[in-house]
Amino acid sequence: MKFSKLGQTVMTAGLSLAMTLGLSACSRDYIAAYVYAPSASNGTIGAYAVDYQSGILTQISGSPFASQLTNPTRAIASPDGKSLYVVGGSQNSQVEAFSIGTDGKLYGLNTVNLASGATYPAGSAIDSTGKFLYVTYTYQNGYGPQSLGSGGVSIFPIDTTTGKLGTPTNLNLTPSVSGSIVNPIGITVTIPVSTTGNNVYVYITAQQSTPTAGITYEYQMNTTTGALTPLATPTISSGVNPSFVIAEPSSRYVYVADKTSNQIVGFQLASTGVLSTLSSSPFTTGLYPVSMTIDPRGKYLYAVNYNANTVSGFTINHIDGSLGGIAAVGSFSTSTGPNCVTVDPSVGNYLYTSNYLDNSISGAQLRSEDGTLTAVANTPFTGVTEPSCITSVANGSHADSYVYPK
């Protein structure tokens, strides 16, 4: 969830990981990063410090922190790591903004409603400049579980000085098939790089009722207003029952997790932003993949499998976008009911999952050379009750050594 910032941070390969660790070790008492996990049960937010040498999590003073939300479902950090945004669940259709202190503590900024009548928030994304927060929701005004209808997207302006949220604008999603219903699940924003010029594209994965299938909407983002304009090819088929969508940092490929078929569908971006399905796609995951992340170097993709209690790991081939499995990575086991995953953005050495059914957080050390995951000491760590998601931010200014393969 920190890919936007990291995608712009490219330093020379000559800075070794050992040097990176050494410089990070001098920063703020050996804390590499902070991890945050909201509780779907009581709305509190667990906050943890990451030990840079071991990856062990320690709750920071004051954790868990109170929020204005009763059952948050998502948490996402700003690209600069100074703000945290927590999204309410079901009919608690609000987003609360927090300032992240230098000690990792959370300080409430403001709470803003989604678009009028919007309910059941689902996914969230922030552009690389930190100016806009996008939140997908399942039902437009007048619809709900008892009166099914389509959903949309709330587009929040962010005050980049204070981190506060402004009043959102709204985009209702229109089904590609007449008479169908479409409910958005996930959303991702690309980074402007050489392959896309200065253009920024937004992709929204949704469930369409007729026919029952996954669909991904394709938009170009107005970097001044945050508004979304459909591309020439506005949608593309995306599996059976999508659960998550993510763009890799070089903005050449997009991946959609399909929780019904236990697969990841891969797409390539044309220079126009239009997606085409990779010939090597789909790629097999564990049972019921519900969330994905990519390490800060852009080399590995990890999918968390809710029903299998595992993390599936893949290498990203930057020539053709294909995903190659690594047996040792795919065998990493979490506690029960993993539903969200993050990699620390400071040096990219540790991966964490929130475990909904076990009220815990699982931690793994990530070997940068091959993507292998091994459990960190003392894992799993005690979490908040029913953690609904997890995200992480770097602890201050760290020496970054992120080199994306060409």
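- Other residues, nucleotides and ligands contribute more than 12 heavy atoms inside 6.0 Å of the NZ atom of Lys131.
- Using a 30° and 60° split on the angle between ring planes, Tyr52 and Tyr30 fall in the parallel class, below 30°.
- Between the side chains of Asn141 and Tyr143, no donor N or O sits under 3.5 Å from an acceptor N or O.
- Under the 4.5 Å side-chain criterion, counting only non-hydrogen atoms from C-beta, Gln268 is not in contact with Arg252.
- Defined by atom type and a distance below 3.5 Å, a donor-acceptor pair is present between the side-chain atoms of Ser335 and Asp358.
- A 4.5 Å side-chain heavy-atom check between Phe267 and Ile236 finds at least one atom pair inside the cut-off.
- Looking at Tyr217, its side chain does come within 3.5 Å of a backbone N or O of Thr174 through a donor-acceptor pair.
- Across every non-hydrogen atom of Ser243 and Lys259, the tightest pair is CB-CD, 3.8 Å.
- Contact detail for Phe314 and Thr284: the closest heavy-atom pair is CZ-O, 3.3 Å.
- Ring-centre distance between Tyr120 and Tyr137: not below the 6.0 Å cut-off.
- The CD1 atom of Ile191 sits 8.5 Å away from atom CD of Glu248, with the distance rounded to the nearest 0.5 Å.
- A donor-acceptor contact closer than 3.5 angstrom is absent between the side chains of Asn183 and Thr138.
- Between the side chains of Thr205 and Thr216, at least one donor N or O sits under 3.5 Å from an acceptor N or O.
- With hydrogens and angles left out, the side-chain atoms of Gln208 and Ser176 include a donor and acceptor closer than 3.5 Å.
- Residues Leu228 and Gln220 form no side-chain contact, since every pair of their non-hydrogen atoms from C-beta on lies 4.5 Å or further apart.
- Summarising the local packing, OH of Tyr288 is surrounded by 12 or fewer heavy atoms from other residues, nucleotides or ligands at distances under 6.0 Å.
- Side-chain contact between Leu269 and Val274: absent, with no pair of heavy atoms (C-beta onward) separated by less than 4.5 Å.
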